[in-house]
J.: 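Take this structure first; my questions come after.
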Amino acid sequence: MQGADAIRSLKGIGDKTEKTFHLAGIDTIDDLVTWYPRYYLTYEEPVYIADAQPGIRIAVLGKITNTPAYRQYRGLKIINVNIRDHSGSLALTWYNMPYLRNTLHMGESRIFVGTPVLKNGRMVMEQPEIYTIEAYEKQRENLQPVYPLTRGLTNKMIAKAMAQTVPYMETMEEYLPSFIVEKYGLMPYGQALKNVHFPVVKEQVGKARARLMFDEFFIFLAAMRMVKERTGVIENHYLIKETKESRHFEENLPFRLTNAQARALKEMKADLLRGEVMNRLVQGDVGSGKTILAMILLLMAATSGYQGALMAPTEVLAVQHYESFTKMLAPYGVRVALLTGSTTAKNKRDIYKQLKNHEIDIIIGTHALIQDKVEYDQLALVITDEQHRFGVRQREALSKKGYEPHVLVMSATPIPRTLALIMYGDLDISIIDELPADRLPIKNCVVNTGYRPNAYRFITKQVQMGRQAYVICPMVEESENVEAENVTEYTKVLQANLPPSIRVECLNGRMKAKDKNDIMDRFDKGEIDVLVSTTVIEVGINVPNATVMMVENAERFGLAQLHQLRGRIGRGAFQSYCIFIAGKDNEETKKRLEILNKSNDGFYIANEDLKLRGPGDFFGIRQSGMMDFVLADIYDNADLLKMASDAMKDLEEDGFSFSNLSNDRLKKQLELALQL
Ligand code: ADP
Ligand code: MG
């Protein structure tokens, strides 16, 4: 028997059963043996019949008090029997098992295991398992696996097919080198499979599952590693050094870099001079000052005679970066340009030409930057802002444009260490875990809608002191079933409630890019006092003079997203305030918002958010299947994840090549990793 064999080769699997299995995604022996039980039924001591309760699985020891009654009803062959112990009696029913007529006899005592239900006011146990007292004693030592079922698929069908694969599991080869198996005390793979499906002793189930979870992590990490192997070592053709200009720029910054910024910068400068191109993630909480690092590196690239690109997820952010870059880099004669979706066709053509002729040194924009049409003279450094990662495919797109550039990914979504380990196995990571010293911690409050008048007064006061405010609403237009505040309406309400001298404007995702940019620009310049907005301002925007953020329907947002939103304030030396208005106050909402109320630490919040929502939702990649481990859970099994990662390192030092690890699951994971 081989893993790739069709399950059709097993006894008892014909056309119909094969189809049923197929619907569950089980086609081969390997699919079958990795269809793990969800949990195990144990066999408890029998209870008295009088203690039976509907819906609770029990064993009862009873004497059969009648000759089994047999009848047919609507094509069902039904057998009824009554049993009794000294506490009471119970009716038992079996369907389509007519042969029981000959095995059950009046006067015999048997143990029956099943879940009683109420039928017409009477307690009935349907389809109970039947044991002699001796057989039950034996059974009590067993754990019975309970499998995930799909339409038509029964536990029995699975168990029957599984039983035939035992010889295959027993002779299965361990694919990990024995020193790893020993060092980490792993149960050998085949043995683990067998124990998961046919557990003999409870303790072994734990060890078996641990081994299989280790595998899930290990295979995942190996896939990430293979992505790296496949991409190969990318030779560094662009030695980007510090220049006269970049030193001057660094020495004349309006502030001192924080220690964390300085450390990250040093790591990146070292990357740029190595034999291999840089492939690094900078993770820094909102407001920790990532942009300035990007600026320094891009200035280094430009003044070293190369070109650099900065890619932002939204046009609004790209425009803002463009403006601060042109302003701050003006003294150094560096040519900066902006390329986005709303750049006019003529301008685009000009920019393409200038990029190709190296008349532009730094290009800032959205994804337009790496489209096929765009050609560079010498693109040496690509920085993406507010992205989780820069996929292999995107890299491939770039490599067509010349030698592969250095890549830096900047993300403000703080990811707990264990997760960063899996998500970014192929990247180096710098963490900026420190905010500039001049920052005052944001003051938060979580209130209900009754607090609005106070909030309006507070905003008025702040504006009169020269500050600005954001008000966030979740929806753009009124919709019938969602009672969310809508931006346009809300803007009118605010205008009516605030003194007429206060300039209130509105920004939403449906507006034309040009109009959005225009509004943002005026807010930046202080020509707008209160900006009512949807979450379009969520990422990246930097207006240090804004000190108030009021979030309507805060319960509708994820915690990480709220933290991102709140990150728009507290970016300067002024005390900032965040008002979360909960449109609904139930316990769960309160608990979630309380996490934000208590903490301004993005790493802590991300952790809590992850616990509440699970990793798939958190990353928005539930669909990708990437993190869908079957048994393992990155939270509960963080120790195994660590172990798998340590084992990978051991293997690497040992010169193990992951491309030799031929395994169907690995191949599947690899495909997913490549897509991400
Ligand atoms: P983020 O990490 O969220 O992208 P930014 O790079 O936009 O943050 O920086 C937020 C603000 O902090 C900007 O106004 C920036 O000029 C300022 N800033 C950056 N580094 C420092 C520092 N070391 N000291 C004081 N202010 C800083
Ligand atoms: Mg930023």
Side-chain angles (χ1 to χ4, degrees), residues 249-266 268 280-299 309-330 364-366 382-388 390 408-415 429-442 467-468 470 520 523-526 535-547 549 560-576 578 600-603 605-606:
F249 181 75
E250 275 190 59
E251 281 157 16
N252 292 284
L253 286 176
F255 43 71
R256 257 180 70 99
L257 292 183
T258 62
N259 290 333
Q261 282 173 312
R263 193 174 54 232
L265 184 59
K266 201 171 144 197
M268 294 186 286
R280 185 173 288 274
L281 166 75
V282 171
Q283 241 186 30
D285 207 345
V286 277
S288 61
K290 295 180 291 291
T291 317
I292 198 72
L293 302 184
M295 209 182 280
I296 293 170
L297 295 182
L298 287 166
L299 177 61
L310 176 63
M311 215 158 80
T314 64
E315 208 164 290
V316 166
L317 185 54
V319 171
Q320 191 174 52
H321 281 327
Y322 171 71
E323 280 168 4
S324 64
F325 271 61
T326 32
K327 203 162 73 197
M328 293 187 67
L329 298 181
I364 297 177
T366 47
V382 174
I383 301 183
T384 66
D385 192 17
E386 301 297 348
Q387 309 258 327
H388 292 319
F390 194 72
L408 177 66
V409 179
M410 304 197 297
S411 167
T413 305
I415 290 160
I429 304 181
S430 297
I431 291 178
I432 310 184
D433 51 4
E434 188 184 353
L435 293 182
D438 63 350
R439 303 281 168 75
L440 296 166
I442 296 171
R467 304 285 83 77
Q468 290 160 283
Y470 295 101
M520 238 8 260
F523 188 65
D524 207 358
K525 291 195 180 113
T535 54
V536 287
I537 58 127
E538 177 187 347
V539 286
I541 295 302
N542 184 42
V543 181
N545 189 49
T547 56
M549 168 153 299
Q561 194 182 10
L562 285 172
H563 180 65
Q564 279 289 325
L565 282 168
R566 177 172 62 183
R568 298 313 109 217
I569 57 170
R571 297 174 82 84
F574 305 110
Q575 176 63 56
S576 291
C578 192
N600 289 316
D601 177 351
F603 283 86
I605 292 162

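Start at 1 and go down the list; that is how both ligands and their atoms are numbered. Scope of the values below: all heavy atoms of this structure, side chains included, with no hydrogens, waters or symmetry mates.
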J.: As an exercise, identify every atom of ligand 1 less than 4.0 angstrom from a heavy atom of Ser288.
T.: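 Result: 2 (O).
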
J.: Which atoms of ligand 1 are found less than 4.0 Å from any heavy atom of Val286?
T.: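 So the atoms of ligand 1 that pass are 3 (O).
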
J.: Lys290 versus ligand 1: do any nitrogen or oxygen atoms come within less than 3.5 Å of each other?
T.: yes

J.: If you count the atoms of ligand 1 from 1 in the order shown, which ones are under 4.0 Å from a heavy atom of Thr258?
T.: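 Listed by number with element, the hits are 23 (N).
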
J.: Show the atoms of ligand 1 that are less than 4.0 angstrom away from any heavy atom in Leu257.
T.: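 That gives atoms 23 (N) of ligand 1.
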
J.: Does any N or O atom in Gln261 lie less than 3.5 angstrom from one in ligand 1, N or O only?
T.: yes

J.: Using heavy-atom distances only, which candidate in Val282, Asp285, Leu253, Thr291 approaches atom 6 (O) of ligand 1 most closely?
T.: Thr291

J.: Which atoms from ligand 1 have a heavy atom of Pro436 less than 4.0 Å away?
T.: 21 (C), 22 (C), 24 (N), 25 (C), 26 (N), 27 (C)

J.: If you count the atoms of ligand 1 from 1 in the order shown, which ones are under 4.0 Å from a heavy atom of Pro544?
T.: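 Within the 4.0 Å cut-off of Pro544, ligand 1 contributes 14 (O).
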
J.: Using a 4.0 Å cut-off to any heavy atom of Arg256, which atoms of ligand 1 qualify?
T.: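 Atoms satisfying the 4.0 Å criterion: 22 (C), 23 (N), 24 (N).
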
J.: With a cutoff of 4.0 Å, is Gly287 in contact with ligand 1, counting heavy atoms of the residue only?
T.: yes

J.: In terms of atom number and element, which parts of ligand 1 are under 4.0 angstrom from non-hydrogen atoms of Arg439?
T.: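 In order of numbering, the contacting atoms are 10 (C), 11 (C), 12 (O), 17 (C), 18 (N), 26 (N), 27 (C).
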
